[in-house]
*Asks:* 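Below you'll find the structure I mean.
This one's a predicted model, so the numbers in the text were calculated from it and none came from an experiment. Note that ligands are numbered from 1 as they come in the structure, with each ligand's atoms numbered from 1 the same way.
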Amino acid sequence: MENYSQITKTIELEQYGIKNADVRYQLSPEELHKIAIEKGQAVEASSGALAVNTGEFTGRSPKDRFIVKDDVTRDRVWWGDINIPFDTDKFDALYKKVTDYLSNKEVFVRDSFACADEDYRLNIRVINEYPWSNQFAYNMFLRPTKEELVGFDPEWTVVNAPGFMANPEEDGTRQHNFAILNFTRKIALIGGTGYTGEIKKGIFSALNFLLPVYKNTLPMHCSANVGEEGDTAIFFGLSGTGKTTLSTDPNRSLIGDDEHGWTAENSVFNFEGGCYAKVINLSRDNEPEIYDAIKKGAILENVILDADKNVKFEDTSITQNTRVSYPIHHIENIQVPSTGKNVKNIFFLTADAFGVLPPISKLTPAQAAYHFISGYTAKVAGTEAGVVEPVPSFSACFGAPFMPLHPAKYAEMLSAKMIESGVNVWLVNTGWTGGPYGVGTRMKLKYTRAMINAVLNGDLGLYNYDDYHIHSVFGVAQPRSCPGVPTSVLSPRATWNDDEKYYTTAFKLSNAFRENFKKFEMHCSEEIRRGGPQRYAF
Ligand code: ATP
Ligand code: MN
């Protein structure tokens with residue numbers, strides 16, 4: 001797309017404390033691709049995509065994510081295990097160490113934007129030790145035109161030094177890696193980890209503070225797309241629940257797969273300029289758009305290639321979290337610019353490994369608030385065959401690790417917007433059916449897509465209560481039929497063929513909901529509290 005090859009502008013890094021660096025400014029993805037291979041840091045897969053290993057870290061490290069506690073943040077941030085405070089002086093000292101480390105090195109610098117709506121734009125300068133991390137920034141942030149680069153004034157800076165190792169005793173970190181946000185200096189400082197997701201989620205976390213505090217805009221960990229009639233759909237969900245997979249839909253234009261804002265004017269905009277898809281077990285049959293996006297320009301992370309440089313998508317020997325980043329225009333049906341109006345439907349995606357939540361159900365406004373604050377999905381503990389227990393995992397607003405403010409703040413904003421726009425909210429279980437993990441199977445993608453299409457096409461009756469069954473434990477409205485889905489699949493209890501086991505497991509989950517919600521109860525109205533499960537085990 002953007003051809004930066006004629007850019008002659010150079011950038012001085014002395015102002016950042018990086019001295020005598022060999023600055024490679026705004027290189028094209030082709031150049032970065034080539035340099036990464038020449039340096040032996042990457043190989044080219046048969047598809048043309050670059051394949052890299054991110055090193056020791058193949059996922060984010062939430063325990064090593066800090067926020068500098070200062071005048072901007074002190075009274076606003078919800079401090080705790082998620083938003084861990086970091087001392088200003090310690091930050092300044094560590095920043096100096098990192099910039100000393102980058103001095104006298106070849107350094108890759110990229111200017112870019114976040115926020116596709118011009119009124120909310122944030123200018124970002126990313127400074128990377130590695131060329132492929134810089135190409136990731138090209139893929140994931142919005143790409144300024146050559147004209148926009150003239151006089152570009154960066155507001156936030158990402159300093160990314162995967163090869164720098166902190167000394168916890170001296171530097172105030174937990175271990176050798178860290179991702180620290182400083183809202184006064186407007187810096188995201190990342191070291192000791194090459195996992196690229198830290199770069200995008202650093203800016204995401206910054207926006208999740210800035211937008212509600214200064215712009216009256218709700219930031220959301222969600223994907224979004226638009227139908228032919230101009231109706232926008234939003235998909236919230238924790239990692240692996242299907243945000244990227246389900247928003248990539250040939251019949252709807254993609255706005256974005258992970259990070260969005262909902263403005264006071266009721267429009268939605270993507271923060272990013274690219275997608276970051278999981279590729280575990282990816283197949284062209286199931287997910288052709290994502291499969292075909294893996295071509296020159298895309299960056300595969302931590303995958304295994306065969307002798308012909310084909311990706312072995314089933315091979316998880318490095319990690320389960322194999323990924324690909326690509327600029328959004330690698331997907332055919334996209335919305336340009338990445339904005340939408342008229343939010344009609346919100347989906348809460350959950351991968352329920354207990355297999356007890358209905359594959360789709362409709363929520364009342366109170367239930368929607370309750371489930372948003374709860375942010376439920378499940379993890380599967382252990383990898384040994386046979387004895388595995390799902391573990392419930394609750395993350396407020398479906399993205400607590402990225403939310404610097406108290407969850408109630410985001411929940412209040414969402415509730416107000418839902419009422420204002422009269423949206424319908426649906427809970428979609430993309431997880432297990434026919435029993436829990438180990439017994440049942442993952443919900444067929446084909447069925448989940450059919451259920452979502454039925455909602456979006458208006459094929460699920462909205463007003464006739466007879467079309468729904470109220471779930472006796474969770475209280476949600478479960479449709480009795482849905483085009484393209486066998487009726488038996490719609491009732492989780494029916495798929496188990498064992499009512500006693502089903503209810504025992506459902507109560508296990510409803511109890512977990514209740515336990516988790518205790519810490520939010522005092523912030524919620526009686527109505528929202530009643531949006532939770534209706535029955536518990538004693
Ligand atoms: P992240 O926040 O980490 O980016 P995500 O919510 O975008 O996570 P996806 O990348 O969409 O998650 O991952 C969903 C995974 O689950 C994909 O690998 C997809 O193929 C698989 N999957 C299997 N069955 C389903 C289903 N019924 N619905 C959605 N995804 C499914
Ligand atoms: Mn995703």
Side-chain angles (χ1 to χ4, degrees), residues 58-60 62 139-140 195-198 200-201 204-205 220-225 234-249 254-260 270-272 274-291 293-294 301-303 311 313-314 316 319-326 328 331 347-353 355 357-360 375-380 393 395 397-403 426-434 437 440-453 484-485 489-490 492 495:
T58 58
R60 284 179 309 99
N139 284 354
M140 297 307 297
Y195 185 62
T196 53
E198 300 278 12
K200 86 179 210 100
K201 285 300 203 289
F204 183 47
S205 302
M220 306 176 288
H221 185 216
C222 70
S223 59
N225 63 22
I234 288 176
F235 305 79
F236 284 96
L238 290 161
S239 187
T241 58
K243 290 184 299 302
T244 301
T245 295
L246 297 169
S247 59
T248 309
D249 176 338
L254 180 65
I255 300 177
D257 81 324
D258 200 52
E259 310 173 1
H260 294 81
N270 190 355
F271 295 171
E272 303 181 284
C275 303
Y276 193 38
K278 284 179 174 288
V279 297
I280 181 172
N281 295 325
L282 182 70
S283 73
R284 197 170 188 289
D285 281 349
N286 281 336
E287 300 179 65
E289 293 80 14
I290 293 175
Y291 191 95
I294 306 178
E301 295 179 6
N302 303 315
V303 296
V311 181
F313 288 111
E314 73 293 348
T316 56
T319 176
Q320 302 248 335
N321 189 32
T322 52
R323 292 268 178 174
V324 63
S325 70
Y326 46 85
I328 194 163
I331 297 292
F347 298 93
F348 292 161
L349 308 175
T350 178
D352 174 26
L357 287 175
I360 188 159
Y376 166 68
T377 193
K379 294 207 164 77
V380 180
S393 163
S395 180
C397 314
F398 296 103
F402 323 118
M403 302 294 167
W426 308 84
L427 182 64
V428 176
N429 175 9
T430 64
W432 274 257
T433 178
Y437 177 86
T441 55
R442 184 99 191 241
M443 185 67 56
K444 281 197 170 79
L445 184 52
K446 188 173 81 170
Y447 293 157
T448 301
R449 286 199 200 278
M451 291 179 237
I452 284 171
N453 284 337
V485 184
V489 172
L490 296 171
T495 66

*Asks:* Could I get the full list of salt bridge (charged side-chain N to carboxylate O under 4.0 Å, His left out) partners for R442, not counting sequence neighbours?
*Replies:*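 Salt bridge (charged side-chain N to carboxylate O under 4.0 Å, His left out) list for R442, sorted by chain: empty.
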*Asks:* Short of 2.8 Å from the Mn ion (ligand 2), name each protein N/O/S atom, waters not counted.
*Replies:*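 You should have found T244 OG1.
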*Asks:* Check each atom of ligand 1 against the heavy atoms of T241 and keep those under 4.0 Å away; list them by number with element.
*Replies:*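 Every atom of ligand 1 under 4.0 Å from some heavy atom of T241: 6 (O), 12 (O).
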*Asks:* Could you pull out, from V279, I280, V324, the option with a heavy atom nearest to atom 18 (O) of ligand 1?
*Replies:*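 Comparing heavy atoms across V279, I280, V324, the nearest one to atom 18 (O) of ligand 1 lies in I280.
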*Asks:* Report the member of G240, S247, S223 with the shortest heavy-atom distance to atom 8 (O) of ligand 1.
*Replies:*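 Considering heavy atoms of G240, S247, S223, the nearest to atom 8 (O) of ligand 1 sits in G240.
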*Asks:* Can you tell which part of L445 has a heavy atom less than 4.0 Å from ligand 1: side chain, backbone, both or neither?
*Replies:*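 Under 4.0 Å from ligand 1, L445 contributes backbone and side-chain atoms.
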*Asks:* Could you find the nearest protein heavy atom to atom 4 (O) of ligand 1 and give me its residue, atom name and distance?
*Replies:*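 Here the closest protein heavy atom is R323 NH1, 3.1 Å.
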*Asks:* If you take the nearest heavy atom of each of R442, K201, R449, which one is closest to atom 25 (C) of ligand 1?
*Replies:*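 Ranked by closest heavy atom to atom 25 (C) of ligand 1, first place is R442.
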*Asks:* What residues form a ring-ring contact (aromatic ring centres under 6.0 Å, His included) with Y376, not counting sequence neighbours?
*Replies:*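 Y376 satisfies ring-ring contact (aromatic ring centres under 6.0 Å, His included) with F394, F513 only.
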*Asks:* Do T245 and E287 have side-chain N/O donor and acceptor atoms under 3.5 Å apart?
*Replies:*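 Short answer, yes.
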*Asks:* What part of E287 sits under 4.0 Å from ligand 1 if we count only heavy atoms: the side chain, the backbone, both or neither?
*Replies:*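 It is the side chain that touches ligand 1; the backbone stays farther off.
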*Asks:* When you compare the side chains of T196 and Y276, does any donor N or O come within less than 3.5 Å of an acceptor on the partner?
*Replies:*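 Y276 and T196 do have a side-chain donor-acceptor pair below 3.5 Å.
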*Asks:* Below 3.5 Å, N or O to N or O, backbone or side chain included: is there any such pair between M443 and ligand 1?
*Replies:*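 Yes; the residue has a nitrogen or oxygen that sits under 3.5 Å from a nitrogen or oxygen of the ligand.
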*Asks:* Relative to atom 2 (O) of ligand 1, which among K278, K243, Q320 owns the nearest non-hydrogen atom?
*Replies:*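 The residue whose heavy atom sits nearest atom 2 (O) of ligand 1 is K243.
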*Asks:* Quick one: ring-ring contact (aromatic ring centres under 6.0 Å, His included) partners of F204, sequence neighbours excluded?
*Replies:*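 Partners of F204 by the ring-ring contact (aromatic ring centres under 6.0 Å, His included) criterion, ordered by chain and then number, come out as H221, F271, F402.
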*Asks:* Using distance alone, determine whether G242 and ligand 1 share an N or O pair under 3.5 Å.
*Replies:*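 Right, the criterion is met.
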*Asks:* Which of the numbered atoms in ligand 1 are under 4.0 angstrom from any heavy atom belonging to L238?
*Replies:*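 In order of number, 6 (O).
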*Asks:* I need the contact type for D258 against ligand 1. Using non-hydrogen atoms and a strict under-4.0 Å cut-off, is it side chain, backbone, both or neither?
*Replies:*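 For D258, the contact with ligand 1 is made by the side chain alone.
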*Asks:* Out of T245, L282, D257, T433, whose heavy atom sits nearest atom 19 (C) of ligand 1?
*Replies:*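 It is T245 whose heavy atom sits nearest to atom 19 (C) of ligand 1.
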